Enquirer: 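This is the structure I have questions about; it appears just below.
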Protein chains: 2
Amino acid sequence: MEQQEELQSLSNLTPTLHRRSSKTTASGVPCLDSVATEIIEFFVHTTQVIGLPKSLGEIYGLLFASDRPINFDDVKTQLNLSKGATSQGLKQLRNIGAVKLTYIPGDRRDYYHAETELKKLVAGFLREQVTPQMAGWDMRLTRLNDMLSDEDNERNPLLDQRIEKLNSWASKLRRVVPVLMSVISP
Amino acid sequence: MEQQEELQSLSNLTPTLHRRSSKTTASGVPCLDSVATEIIEFFVHTTQVIGLPKSLGEIYGLLFASDRPINFDDVKTQLNLSKGATSQGLKQLRNIGAVKLTYIPGDRRDYYHAETELKKLVAGFLREQVTPQMAGWDMRLTRLNDMLSDEDNERNPLLDQRIEKLNSWASKLRRVVPVLMSVISP
DNA sequence: CGCTTTGTTCAAGAAAAAACGAACTAAAAA
DNA sequence: TTTTTAGTTCGTTTTTTCTTGAACAAAGCG
């Protein structure tokens, strides 16, 4: 176990994807699956855009580009990640629902595959990453509204207006999520 | 000038908002404008949710809560920011269109006020932060499509499917921005 | 013109986020 | 029951991002 510890010191942009079926250069570097590599880069870019760690993009991309479930250790090895990052990355992807467990009879290890239905991915992301933020946002808004009504003194009329503005923003933005879901659902 | 350099060592959660009209405690600490402070916190939270630096939220919040334009140095002083952060923060907010210059006759300094129309804020954010990312995204997708058609060999059929999936995602997501704008515009 | 005020830029430092990896739990194999 | 395998947790290190502050431009003023 852990034999190939030091070999894999190449850039993680050219991970050893799928040992199976690999044409290799004379030097033994896998040259095939440039497509898979490109797919992984695609998802790395995407996760960074939406503010998720790069490793999530790598893991999801690897699974997305694979036609069979991949087990924990292969994810770790092929992407050259640490155990910790692999474990935590898979956990977070599982929470979002972007990745599913596949039980393989006679194999004790966890195998994973990618969920590829856009609607589910977006829904999971919203549930895990944005809904909690919206809660904190509502809380602050409530606190602000309370401050204006609670306090006895007649406050700066501008602040009244501005908080009214915030309330109107909030009501508009609340409409966004359902519409977003409907746009991507078909 | 710069008299109050050291005094302002309190938390930046209680900036000296609007010297004018301030009730103060016996100790001289401004107790009024707890509302403004709360508004600033609101925007700090918001900028962090959308992946912008906290200082942008502070600056925008300060201006949003003010009924008059504020000049560069007051922004800097009231929020206890460095010159650099103030300059760069205001620049980025200007680029997004979240903040506007007000020219005040007889005063050489730059005065700023907040743009409060949600539509413009969102449009500016999309233009500055999202659109550039989408470009990189398109580029990668194009590259992937090219890889599949370009290369002579018959590749893994799964990869074909998966890249087709990416294309369908892209076409769905492209519909999102216009719809988003229309939802928040009224 | 030189001096002061106002703001920008950018290298360096500080803070925050992500990844690592050793120590640990749990469960199967021996 | 002891040993091995599989995966998680969490304190530490690394990387990335943000902020700072000094050097620099640009423009009014004396």
Side-chain angles (χ1 to χ4, degrees), chain A residues 1-6 8-9 11-13 15 43-45 47-60 62 69-95 99 101-112 129 133, chain B residues 1-3 5-6 8-9 11-12 15 44-45 47-60 69-95 99 101-112 129 133:
Chain A
M1 155 154 303
E2 304 283 15
Q3 335 72 333
Q4 57 188 140
E5 203 69 321
E6 305 300 338
Q8 181 95 15
S9 54
S11 155
N12 49 14
L13 291 180
F43 284 109
V44 167
H45 177 247
T47 48
Q48 300 202 304
V49 167
I50 64 180
L52 259 31
K54 176 179 152 179
S55 60
L56 292 204
E58 294 180 311
I59 297 171
Y60 183 80
L62 176 66
I70 303 181
N71 67 48
F72 184 100
D73 194 64
D74 282 349
V75 169
K76 169 185 170 301
T77 305
Q78 295 186 35
L79 296 173
N80 197 26
L81 287 172
S82 68
K83 260 181 154 192
T86 306
S87 176
Q88 292 184 171
L90 282 166
K91 180 204 239 178
Q92 206 171 342
L93 287 170
R94 241 162 24 220
N95 288 342
V99 141
L101 265 171
T102 315
Y103 293 104
I104 293 198
D107 195 331
R108 182 146 76 90
R109 292 167 296 179
D110 293 346
Y111 281 77
Y112 291 93
Q129 310 290 317
Q133 303 292 357
Chain B
M1 165 149 300
E2 304 283 17
Q3 332 77 327
E5 203 70 324
E6 306 302 338
Q8 182 93 18
S9 52
S11 156
N12 49 14
V44 167
H45 177 247
T47 49
Q48 299 202 304
V49 168
I50 64 180
L52 259 29
K54 176 178 151 179
S55 59
L56 291 204
E58 295 180 311
I59 297 171
Y60 184 79
I70 304 182
N71 67 49
F72 183 101
D73 193 65
D74 282 349
V75 170
K76 169 185 172 300
T77 305
Q78 295 187 36
L79 296 173
N80 198 27
L81 290 171
S82 69
K83 261 182 152 192
T86 307
S87 177
Q88 291 185 171
L90 282 167
K91 181 205 237 178
Q92 205 171 343
L93 288 170
R94 243 161 23 219
N95 288 341
V99 141
L101 265 171
T102 315
Y103 294 103
I104 293 200
D107 195 330
R108 183 143 78 85
R109 293 167 294 178
D110 294 345
Y111 280 79
Y112 292 95
Q129 312 289 318
Q133 303 290 358

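Hydrogens, waters and symmetry mates play no part in the numbers below; they use all other heavy atoms, side chains included. Keep in mind it's a predicted model, so treat the numbers as computed, not measured. Letters A, B, ... are given to chains in the order of the sequence lines, protein chains preceding strands, and every chain is numbered from 1.
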Enquirer: Would you state whether a donor and an acceptor, one from the side chain of Arg108(A) and one from the base of dT5(D), lie under 3.5 Å apart?
Expert: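 Flag set: donor-acceptor pair detected.
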Enquirer: Using a cut-off of strictly less than 4.0 Å, decide whether Arg94(A) has a side-chain nitrogen or oxygen near OP1 or OP2 of dT8(D).
Expert: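 For Arg94(A), the contact criterion (side-chain N or O under 4.0 Å from OP1 or OP2 of dT8(D)) is met.
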Enquirer: Please determine, for the side chain of Arg109(B), which listed nucleotide (dT20(D), dA19(C), dT6(C)) has the closest atom?
Expert: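 Nucleotide nearest to Arg109(B)'s side chain: dT6(C).
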Enquirer: Could you give the NZ-to-C1' distance, from Lys76(A) to dT8(D), as a whole number of Å?
Expert: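 Those two atoms, NZ and C1', are 14 Å apart.
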Enquirer: When you get a sec, tell me which of dG7(C), dC20(C), dT19(D) is the closest nucleotide to the side chain of Pro53(B)?
Expert: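 The answer is dT19(D), which lies nearest to the side chain.
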Enquirer: Students often get this wrong, so: under 4.0 angstrom with heavy atoms, is Ser55(B) touching a base, only sugar-phosphate, or nothing?
Expert: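 Sugar-phosphate only.
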Enquirer: Output the rounded distance in Å from CG (Leu81(A)) to C1' (dT8(D)).
Expert: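 Rounded to whole Å, this separation is 16 Å.
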Enquirer: For a quick check of understanding: with a heavy-atom distance under 4.0 Å over all strands, which category does Leu90(A) fall into, base, sugar-phosphate or nothing?
Expert: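 Leu90(A): no heavy atom of the nucleic acid under 4.0 Å.
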Enquirer: So which protein N/O to nucleotides 9-11 of chain C N/O distances come out below 3.5 Å?
Expert:
{"residue": "dT9(C)", "atom": "OP2", "partner": "Lys91(B)", "partner atom": "NZ", "Å": "3.0"}
{"residue": "dC10(C)", "atom": "N4", "partner": "Gln88(B)", "partner atom": "OE1", "Å": "3.2"}

Enquirer: For Asp110(A), which contact category applies under a 4.0 Å heavy-atom criterion: base, sugar-phosphate, or nothing?
Expert: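 Result for Asp110(A) = sugar-phosphate.
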Enquirer: Provide, to the nearest angstrom, the distance between the CG atom belonging to Leu101(A) and the C1' atom belonging to dT8(D).
Expert: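 For the pair Leu101(A) CG and dT8(D) C1', the rounded distance is 14 Å.
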Enquirer: Roughly, in whole Å, what's the span from OH in Tyr111(A) to C1' in dG7(D)?
Expert: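 One finds 14 Å between C1' of dG7(D) and OH of Tyr111(A), rounded.
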Enquirer: From C-beta outward on Phe72(A), which listed nucleotide comes closest to its side chain: dT6(C), dG7(D), dC20(C)?
Expert: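 Of dT6(C), dG7(D), dC20(C), dG7(D) is nearest to the side chain of Phe72(A).
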Enquirer: In whole Å, I'd like the distance from the CD1 atom of Ile104(A) to the P atom of dA28(C).
Expert: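 For the pair Ile104(A) CD1 and dA28(C) P, the rounded distance is 17 Å.
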